[in-house]
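Computed from a predicted model, the values in this text were never measured in an experiment.
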2 protein chains.
Amino acid sequence: MAKRTETVGRLDDAARAGWLYYVAGRTQDEIASAMGISRQSAQRLVSLAVAERLIKVRLDHPIAECLELGEAMRSKFGLTHVDIVPSDPGSSSTTIGIAEAGAAEIERWLKKADPIVLAVGTGRTLKAAIDQLPAMECPQHRIMSLTGNIGPDGSAAYYNVIFSMADAVKARHYPMPLPVLVSSSEERDLLHRQSLVQSTLKLGREADVAFVGIGELGVDAPLCLDGFLDPDEMMRLMEEGATGEICGWMYDGDGRLLEGSINERVASVPLPSRETTTVIGLAKGKRKYAALLAALRGHMINGVITDEATARYLLAA
Amino acid sequence: MAKRTETVGRLDDAARAGWLYYVAGRTQDEIASAMGISRQSAQRLVSLAVAERLIKVRLDHPIAECLELGEAMRSKFGLTHVDIVPSDPGSSSTTIGIAEAGAAEIERWLKKADPIVLAVGTGRTLKAAIDQLPAMECPQHRIMSLTGNIGPDGSAAYYNVIFSMADAVKARHYPMPLPVLVSSSEERDLLHRQSLVQSTLKLGREADVAFVGIGELGVDAPLCLDGFLDPDEMMRLMEEGATGEICGWMYDGDGRLLEGSINERVASVPLPSRETTTVIGLAKGKRKYAALLAALRGHMINGVITDEATARYLLAA
DNA sequence: TCAGTTTGTGAGTAATTGCCCATGAGCGAA
DNA sequence: TTCGCTCATGGGCAATTACTCACAAACTGA
């Protein structure tokens, strides 16, 4: 307990130091003497505040180029929502930028006064976005997971998107106590008949907005790395034309769901209708190009958050 | 024209550099080579982005102490809205912190989907807050000025709060084409009978929220510095018990409007009812202590944005 | 209680950033 | 055209910040 109190006190100090540094614009030396600590400690508190995401930075300027690319994307693919962030040529991160932009968009939806149903998929990109969310109280909304959050080994949670979200956002949460892939369509149907799952499935059809990651395929794709699919099966699917995956649902190069056995074993909630729901895909980077392009062509998503370089590729394709 | 295009391009570059620096976390050296400019130019772009307020920093952590003080303020003075920001002991600025917090609160109101009427007073503090607002489009709202924006010399605008706001926020604006103080109550009544002023007065009664500065009195008070009152008159008023001023309305140490001639010459819109409107006062610092305390005691305001040190004083009083 | 581990601290140092200055390009007026 | 003005540029240097290391305090699990 003492430990916990201390930790909170420390974060409090970090927040105070971060405030003095970023908002009040003081130097770390000044902060140190104001707070009665050494310069080094002040520096640590400031960087702790950044590391703990106490300090949020946002850019309030419509970069002309990003707007243009966004407009072009909107008309080419018939999108409802587009957000293009600047590219960072030197970075290999697949989430930087779109995580922040995704969080900002999620926040915008959650700030609405009228109750909404917000659906989330899973994956590294979405997790990174959720991690950027500030603490919020939104008892009026409901948040549901489109995909199961049980790992292939049956144990831990697989990219714990919905639970991370529950930490940050106080609202009713509806997880999916299932794996992404099960062994047969019969097993899936059995699991889906559970009343708990039934209500989540129903909620999925009512979603106002959904945020999903775009999964690329390949032997080093998330589904393989996380052990849901073995490399052999992955290769077979790719030979059958599989190009990408959203919430586990496999689709081909034209964004049509694969008609093989694989999708019958996907235990996720069906993607909400793009007629009634804004389904926003988050993805950037070369490895996602093909999967994202196919998803856009097939209108599996009607919103996208990506970066300049990816947008250029998609427009040229 | 070429100049203007160039300026826009420069801001665009500044935004990009600022993004790379603050969001992507690159060094200015890296930004320089990525953008093909010298390190110094990169530094200039980053600081330009800050100077032009393209970069917004916010602190997302409830500092325990500020929350406690806020709760105590709320119950002691029966307030609807309280926001306490950390104090910066070394700074003499009377706006730092509360300007940012005020802007955030104004933004929250303006983000509402349902149409509201937002009223603003005037003064240095409020101006600093408005300057922190991002560009917004809110055609559903109406924004009105509670005080005249004509200087005592009849010419330029006096702390151009409503016009600065119009620059940032696209909504219908209703200024008050009057001075704060006129020479007699007859003149005021005459001016108030103009139809333009009439509609603004009416709007004032409908305001959902009002943001006002708290004016202290004294020979170096804003009203004197800006030439509305000469020092002699100010001294006389203070002898009569005047303690503070909101939108020009003078009140005594218990927060009751002065019954002398002075308030009959104030051409401002009457303060909206605290029964139906959230009237938020922004002020901090020793010089404002007495005026703020009186305003709170008399329930002239039912919301406050201030800093820790001021809150401590108010609670101890 | 005690060894092992984690966590915070201060010192020193390398890296990064902020600022001043001299220079030169661009532009409008004479 | 030329002068004068403004403003962006890059260099250099001082200030500021980030990182590494060694050590001490607190905590954990026998």
If you pin A:Arg44 and A:Tyr21 to their nearest nucleotides in DNA chain D, which one's is more 5'? A:Tyr21
Nearest whole Å is fine: how far is [N] [atom2] from [X] [atom1]?
{"X": "B:Asp29", "N": "C:dT16", "atom1": "CG", "atom2": "C1'", "result": "8 Å"}
{"X": "A:Tyr22", "N": "D:dT16", "atom1": "OH", "atom2": "C1'", "result": "13 Å"}
{"X": "B:Ile31", "N": "C:dT16", "atom1": "CD1", "atom2": "P", "result": "12 Å"}
{"X": "B:Leu48", "N": "C:dT17", "atom1": "CG", "atom2": "C1'", "result": "16 Å"}
{"X": "B:Arg39", "N": "C:dA15", "atom1": "CZ", "atom2": "P", "result": "14 Å"}
{"X": "A:Glu30", "N": "D:dT17", "atom1": "CD", "atom2": "C1'", "result": "14 Å"}
{"X": "A:Ile37", "N": "D:dT17", "atom1": "CD1", "atom2": "P", "result": "13 Å"}
{"X": "A:Gln40", "N": "D:dA22", "atom1": "CD", "atom2": "C1'", "result": "14 Å"}

Does A:Gln43 put a side-chain nitrogen or oxygen below 4.0 Å from OP1 or OP2 of D:dA18? yes
Is any side-chain nitrogen or oxygen of A:Ser41 closer than 4.0 Å to OP1 or OP2 of C:dG10? yes
Which of the following nucleotides, C:dG10, D:dA18, C:dT16, is nearest to the side chain of B:Thr27? C:dT16
Over all strands shown, is A:Gln28 touching base, sugar-phosphate only, or nothing at heavy-atom distances under 4.0 angstrom? sugar-phosphate
Would you mind checking if B:Lys111 and A:Glu107 are paired as a salt bridge, meaning a charged N to carboxylate O distance below 4.0 Å? no
Between B:Arg16 and A:Glu308, does any side-chain N to carboxylate O distance fall below 4.0 Å? yes
Within a reach of under 6.0 Å around CZ of A:Arg39, are more than 12 heavy atoms found that belong to other residues, nucleotides or ligands? no
Within a reach of under 6.0 Å around NZ of A:Lys286, are more than 12 heavy atoms found that belong to other residues, nucleotides or ligands? no
